[in-house]
Colleague: 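Questions regarding the structure given below will be posed in turn.
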There are 2 protein chains.
Amino acid sequence: MVTMEDVARLAGVSKMTVSNVVNNREGVSDLVRRRVLEAIRQSGYRLNVSARSLRSGRTGVIGLAVPEVDLPYFSHLATLVIDAARRRGHHVAIERTGAAEAGEADALAHSRVLQFDALILSAVVLDGLDERLTGAGCPVVMLGERDFGGRFDHVAMPNEEGMKAATVHLADQGCRRIGIVSGVPREGVNVMTRRYRGYLDGLAERGLSADPPLLFPLDGMTMEAGRDAAHRMVDSGREVDGVVAVTDTVALGVLRGLADRGLRVPDDIRLIGFDDVPESRFLVPSLSSVAPDHRWMAEKAVELAVQRVRAPLRPAEEHVAPFELVIRESTR
Amino acid sequence: MVTMEDVARLAGVSKMTVSNVVNNREGVSDLVRRRVLEAIRQSGYRLNVSARSLRSGRTGVIGLAVPEVDLPYFSHLATLVIDAARRRGHHVAIERTGAAEAGEADALAHSRVLQFDALILSAVVLDGLDERLTGAGCPVVMLGERDFGGRFDHVAMPNEEGMKAATVHLADQGCRRIGIVSGVPREGVNVMTRRYRGYLDGLAERGLSADPPLLFPLDGMTMEAGRDAAHRMVDSGREVDGVVAVTDTVALGVLRGLADRGLRVPDDIRLIGFDDVPESRFLVPSLSSVAPDHRWMAEKAVELAVQRVRAPLRPAEEHVAPFELVIRESTR
DNA sequence: GGGCGACGTCCTCCATGGTCACCATGCCGC
DNA sequence: GCGGCATGGTGACCATGGAGGACGTCGCCC
């Protein structure tokens with residue numbers, strides 16, 4: 001392997017000067033800089049990242065831990081995070097938590113073992129009180145849903161506002177019995193709880209009753225679970241005429257489940273999702289959705305992560321992503 | 001930071017002994033081993049991966065370079081590769097090539113910079129003759145489509161066989177004018193060329209004419225491109241009664257494009273895709289597809305990569321993934 | 001029973017490729 | 001002649017792994 005030392009010898013300088021050139025630092029004359037660059041070209045030298053990070057303590061890698069890589073929402077987000085990080089000269093390593101406590105804890109442990117400069121964690125299970133978060137060994141930026149008590153940088157989804165807007169929209173389209181397909185709101189502040197509250201707020205805003213609640217619970221956040229919930233909804237005979245689904249992925253399953261029972265969207269029942277994943281506009285019918293600005297979120301998360309690497313003691317910031325409501329065929 | 005030296009002092013041994021314990025090597029008595037483990041526990045020691053890889057030349061990281069992270073096919077594959085690698089004690093770093101030559105070359109360059117132990121490359125552009133492939137600085141396992149002249153380990157898709165089976169299936173369902181939505185077959189052996197040939201083989205097998213060819217070219221492998229191609233197909237007035245789409249993602253766009261023109265699937269026109277991504281069974285109508293065994297592919301690719309790290313000189317192997325035809329509503 | 005070799009166990013020394021903090025050199029102006 | 005700046009060099013240091021050697025113990029053989 002060609003080392004910095006070899007380049008230095010070839011260019012007739014010390015390896016520190018080579019290091020300075022490689023890192024674009026000041027204090028190297030143009031003449032010497034050119035000579036070094038030429039020597040690098042000739043020798044085919046490549047920087048050894050292990051050696052650099054051993055000495056400097058930085059790896060240039062940001063961890064991104066998400067529940068599932070192959071849910072459209074997260075894979076889309078991952079793409080945007082990778083791009084944002086690349087523009088700032090960082091690489092991204094993706095971890096999969098499986099939406100399980102063990103997975104999230106693993107991601108935190110890996111952040112130490114693999115020495116991420118920072119970890120962007122889309123936490124579903126852990127909350128701000130868990131000591132594993134503080135013991136991560138690197139700055140952690142929370143992405144998404146839970147309440148972290150202001151102890152971490154946090155890029156949040158507009159869960160309540162978005163869901164409220166979706167519900168109000170359904171009401172304005174004439175729906176009177178609006179159901180929600182979601183996980184069961186649990187203790188603590190998580191996606192389910194916030195979105196459910198947004199749904200209730202929306203009903204209240206238009207004077208619709210939430211009693212008895214038209215909540216059709218999910219077993220997981222998958223298409224499969226969405227379809228099952230839709231089956232249960234129709235089979236219950238509760239005459240729902242509008243549905244908000246907790247994510248687009250779930251909505252895709254609901255769409256299928258309704259078709260299985262011979263219901264047409266939007267004629268018999270209207271449907272709206274959350275996330276606006278790329279697929280949504282191509283479905284038949286195309287799916288209305290709450291569209292948080294994913295690019296903005298990715299950008300913000302990476303920005304916070306990179307900032308905190310440089311200034312570890314800056315107070316934690318909390319940002320809520322902007323969103324818009326995208327109206328398509330499923331709620332026309 | 002707690003180092004190996006600290007642990008050694010605490011346990012009253014040399015750091016080499018700690019190293020041996022950490023790496024589960026022979027030649028450490030049970031007593032000493034327990035003492036060391038206890039010292040590790042007490043001190044909260046974490047192995048420094050940078051130092052290890054500087055010394056050993058291995059990082060334990062396998063690179064996975066795919067055209068797009070947020071295409072369902074690739075995100076699904078990525079999940080499976082991550083799992084397969086984890087079972088073998090490796091991590092995966094995902095690179096995005098953008099299906100461009102620059103991106104693929106970048107991935108190869110990164111493989112040196114980030115010192116992957118191996119790179120699994122889903123190449124769309126580079127072929128086996130490109131010298132950048134051999135200069136990767138680590139073993140490369142090709143995943144997918146192109147011909148690499150037996151110079152690399154290669155896990156291939158059943159492109160021709162699968163497409164032929166799909167075409168024959170359409171014919172057997174009564175289709176007489178079967179079109180294909182695909183990129184234009186180009187010089188060299190790539191996905192498009194192989195799948196197009198499979199389509200021609202299928203037509204021939206059932207005695208259907210391919211003259212003039214019913215090829216509706218794509219501008220990219222996206223849903224959007226699929227929809228546009230479908231529009232052009234219908235607007236051309238060529239009375240196609242069956243379509244094979246080059247991927248499920250494209251098929252999803254085609255489905256939408258046909259709906260835009262008021263055509264019903266499968267009543268007016270039948271449609272089949274390739275890849276069997278998770279979404280396909282939930283679409284309305286659910287999408288028939290050629291289903292290569294993705295888990296098998298991921299497993300094989302990782303296995304070849306890990307093997308080659310240990311035995312760099314083993315001759316290259318070529319494997320073709322098994323597949324089955326999944327018949328759903330879109331071709332009933 | 002004593003000497004010798006083998007073996008199990010652990011340690012010492014050095015290598016790994018960069019980076020950091022500090023130092024040396026030379027040139028300039030005052 | 002001296003201080004200061006611009007430029008580049010020096011040697012220690014980061015945490016780990018590998019080779020080979022030291023040390024003690026045990027068994028074997030004469």
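Because the structure is a prediction, the values reported are computed rather than measured. Every chain is numbered from 1 and lettered A, B, ... according to where its sequence line falls, protein lines coming before strand lines.
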Colleague: Take atom CE of B/Met4 and atom P of D/dC14, then tell me their distance rounded to the nearest Å.
Modeller: 15 Å
Colleague: At what distance, to the nearest 0.5 angstrom, does CD1 of B/Ile82 lie from CG of B/Leu64?
Modeller: 7.5 Å
Colleague: By side-chain contact (heavy atoms from CB on, under 4.5 Å), which residues pair with B/Ser56, not counting sequence neighbours?
Modeller: B/Arg52, B/Arg58
Colleague: Identify the heavy atoms of A/Ser75 and A/Val69 that sit nearest to each other, and give their distance.
Modeller: CB-O, 3.3 Å
Colleague: Take the protein atom CZ of A/Arg25 and the nucleotide atom C1' of D/dG9, then report the distance between them rounded to whole Å.
Modeller: 14 Å
Colleague: Nearest 0.5 Å, what's the NE2-OG1 distance between A/His294 and A/Thr79?
Modeller: 11.5 Å
Colleague: What pair of heavy atoms forms the shortest contact from B/Ala321 to B/Trp296, and how long is it?
Modeller: CA-CZ3, 3.4 Å
Colleague: Any chance CZ of B/Arg295 has more than 12 other-residue heavy atoms, nucleotides or ligands included, within less than 6.0 Å?
Modeller: no
Colleague: Using the 3.5 Å cut-off, write out each protein N or O paired with an N or O of nucleotides 26-28 of chain C and the distance between them.
Modeller:
none

Colleague: Say whether, by atom type as modelled, one donor and one acceptor occur between the side chain of A/Asp6 and the main chain of A/Thr3 under 3.5 angstrom.
Modeller: yes
Colleague: Not counting sequence neighbours, which residues clear salt bridge (charged side-chain N to carboxylate O under 4.0 Å, His left out) with A/Glu68? List them please.
Modeller: A/Arg96
Colleague: Output the distance between atom CZ (B/Phe152) and atom CG (B/Leu121), rounded to the nearest 0.5 Å.
Modeller: 9.5 Å
Colleague: Let me know the distance between CG of A/Asn48 and P of D/dA15, rounded to the nearest Å.
Modeller: 17 Å
Colleague: So, using salt bridge (charged side-chain N to carboxylate O under 4.0 Å, His left out) as the criterion, who are the partners of A/Arg87 when residues are at least two apart?
Modeller: A/Glu299
Colleague: Please write out the pairs of protein N or O atoms and N or O atoms of nucleotides 24-27 of chain D separated by less than 3.5 Å, giving the distance to one decimal.
Modeller:
none

Colleague: Could you tell me whether the side chain of B/Asp117 and the main chain of B/Gly60 form a donor-acceptor pair under 3.5 Å?
Modeller: yes
Colleague: Specify the residues of residues 28-43 of chain A, ordered by number, for which at least one heavy atom lies under 4.0 angstrom from an atom of DNA chain D.
Modeller: A/Val28, A/Ser29, A/Val32
Colleague: I need the residues from residues 52-61 of chain B with at least one non-hydrogen atom less than 4.0 Å from DNA chain D; give them sorted by number, or say none.
Modeller: B/Arg52, B/Arg55
Colleague: Through what angle, rounded to 10 degrees, does the axis of the helix from C/dG1-D/dC30 to C/dC30-D/dG1 turn between its ends, using five pairs per end?
Modeller: 50°
Colleague: Just jot down the side chain to side chain donor-acceptor pair (under 3.5 Å) partners of B/Arg55, sequence neighbours excluded, or say none.
Modeller: none
Colleague: Going by heavy atoms closer than 4.0 Å, what residues in residues 5-23 of chain B are next to DNA chain C?
Modeller: B/Gly12, B/Val13, B/Ser14, B/Met16, B/Thr17
Colleague: Determine which pairs satisfy salt bridge (Lys or Arg N to Asp or Glu O under 4.0 Å) with at least one residue from residues 16-26 of chain A, sequence neighbours left out, and list them in order.
Modeller: none
Colleague: Tell me the closest heavy-atom pair linking B/Pro67 and B/Thr97, and the distance in Å.
Modeller: CA-OG1, 3.2 Å
Colleague: With sequence neighbours excluded, what pairs up with B/Gln307 under the side-chain contact (heavy atoms from CB on, under 4.5 Å) test?
Modeller: B/Glu303, B/Leu304, B/Arg314, B/Glu317
Colleague: Supply the atom-to-atom distance B/Glu95 CD to B/Ser122 OG, rounded to the nearest 0.5 angstrom.
Modeller: 13.5 Å
Colleague: Measuring from A/Lys15:NZ to A/Glu5:CD, what's the distance to the nearest 0.5 Å?
Modeller: 5.0 Å
Colleague: In terms of side-chain geometry, is the basic nitrogen of B/Glu38 or B/Arg35 positioned less than 4.0 Å from the acidic oxygen of its partner?
Modeller: no
